[in-house]
Amino acid sequence: RQYQRRVHGDAAIDQAGVIKMIRFILLQNRSGKTRLAKWYMAYDEQEKEKIKTEVHRLITTREPRFTNFVEYRTYKIIYRRYAGLYFSFCVDVTDNELGYLEAIHLLVEVLDHFFGNVCELDLVFNFHKVYMIIDEMFLGGEIQETSKPVILHRVQTVEKIEDK
């Protein structure tokens, strides 16, 4: 266990010695177009495209009365639909679903506050800002910051520096 801590730093490790983390984040619209993808594991381009298609098919065909988490390969997809966009996180099967549902909601709240009623076009034309927000919230596949005011302050500070 101490060896694992030295190798992986402060990464959360379960009893089986598996590192618990977010594998990827996908923001997709209803028609399957991926508007944003953040990968925390190494996949080749062909595998990424296959994952995007499989995840979209998996979550869009589920009835709304079902839960917002579903098993996918050896992981779990936690997703939430806001208007025409699906926010999907791929995490380990032992991770806390409700914690990640809250993280998705926090991400949407931060995006909404930052862009002022965020829409799909904001994600398309300001993708670099969306990545900056995601990077403030998640680091190396783990939740880094959960305070909306702190995240917004950091992002707005970077915006001011970039405007100079």
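What you see below is based on every heavy atom in this structure, not just the backbone, and it leaves out hydrogens, waters and symmetry mates. The chain is numbered in sequence order, starting from 1.
When all heavy atoms of Leu36 and Phe127 are compared, the closest pair comes out as CD1-O, 4.3 Å. Nearest heavy atoms, His128 versus Phe125: CE1-O, 4.2 Å. Contact detail for Lys52 and Ala37: the closest heavy-atom pair is CE-CB, 4.2 Å.
A heavy-atom distance below 4.5 Å is not found between the side chains of Leu58 and Thr61. With a 4.5 Å cut-off on side-chain heavy atoms, Met21 and Met41 count as touching. For the pair Thr74/Val93, no side-chain contact is recorded, criterion being any heavy-atom separation below 4.5 Å from C-beta on. Side-chain atoms of Leu101 and His105, non-hydrogen and from C-beta on, never get closer than 4.5 Å to each other. Side-chain contact check for Val55 versus Gln28: some heavy-atom pair is nearer than 4.5 Å.
For the side-chain contact (heavy atoms from CB on, under 4.5 Å) test, residues two or more places apart in sequence or in another chain that qualify with Lys38 are Ile25, Tyr40, Tyr131, Ile134, Asp135.
Ion pair Asp92/Arg23 flagged as a salt bridge, since at least one NZ, NE, NH1 or NH2 atom sits closer than 4.0 Å to an Asp/Glu carboxylate oxygen. The residues Glu54 and Arg57 are annotated as not salt-bridged, no charged nitrogen and carboxylate oxygen being separated by less than 4.0 angstrom.
Interatomic distance, Ile78 CD1 to Asn96 CG, rounded to the nearest 0.5 Å: 7.5 Å. A distance of 14.0 Å separates CZ of Arg80 from CG of Leu85, quoted to the nearest 0.5 Å. One finds the NZ atom of Lys48 at 10.0 Å from the OH atom of Tyr43 (value rounded to the nearest 0.5 Å). In this structure, the separation between NZ on Lys50 and CG on Asp44 is 10.5 Å, given to the nearest 0.5 Å. Residue Gln144 holds its CD atom at 8.5 Å from CD of Glu136, rounded to the nearest 0.5 Å. Interatomic distance, CG of Leu107 versus OH of Tyr82, reported as 9.0 Å (0.5 Å rounding).
Other residues, nucleotides and ligands place more than 12 heavy atoms under 6.0 Å from the NZ atom of Lys148.
In terms of hydrophobic clustering, with Ile, Leu, Val, Met, Phe, Trp and Tyr side chains grouped at heavy-atom distances under 4.5 Å, Leu121 and Leu123 are assigned to different clusters. Under the 4.5 Å side-chain heavy-atom criterion for ILVMFWY residues, no single connected hydrophobic cluster contains both Tyr72 and Phe66. Residues Ile77 and Tyr75 are members of separate hydrophobic clusters, defined by side-chain heavy-atom contacts under 4.5 angstrom among Ile, Leu, Val, Met, Phe, Trp and Tyr.
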Under 3.5 Å, sequence neighbours excluded: what are the donor-acceptor pairs made by side chains of residues 151-160?
| residue | atom | partner | partner atom | Å |
| --- | --- | --- | --- | --- |
| Thr157 | OG1 | His153 | O | 2.7 |

Check residues 112-120 and write down every donor-acceptor pair under 3.5 Å in which the side-chain atom is one partner and the other belongs to a residue at least two apart or another chain.
| residue | atom | partner | partner atom | Å |
| --- | --- | --- | --- | --- |
| Asp112 | OD1 | Asn117 | N | 3.3 |
| Asp112 | OD1 | Val118 | N | 2.9 |
| Glu120 | OE2 | Asn29 | ND2 | 2.9 |
| Glu120 | OE2 | Arg35 | NE | 2.6 |
| Glu120 | OE2 | Arg35 | NH2 | 3.1 |

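Between Arg62 and Tyr79, the side chains place a donor N or O and an acceptor N or O closer than 3.5 Å (distance only, hydrogens not considered).
Looking at Leu26, Thr60, Leu27 one by one, the single match for side-chain contact (heavy atoms from CB on, under 4.5 Å) with Tyr86 turns out to be Thr60.
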Could you please spell out the steps behind the side-chain contact (heavy atoms from CB on, under 4.5 Å) verdict for Cys90 and Ile22?
CA-CA 6 Å; Cys90 179; Ile22 300 169; 5.9 Å; no
Evaluate the side-chain contact (heavy atoms from CB on, under 4.5 Å) criterion for residues Phe138 and Phe89: first the C-alpha distance (whole Å), next the side-chain angles of each, then the deciding distance (0.1 Å), finally the verdict.
CA-CA 12 Å; Phe138 309 101; Phe89 285 34; 3.6 Å; yes
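Between Phe24 and Trp39, the ring planes lie tilted relative to each other; the angle falls in the 30° to 60° range.
Here the side chain of His56 pairs a donor or acceptor atom with the backbone of Arg30 at under 3.5 angstrom. No donor-acceptor distance shorter than 3.5 angstrom exists from the side chain of Glu63 to the backbone of Arg65, with no hydrogens or angles considered.
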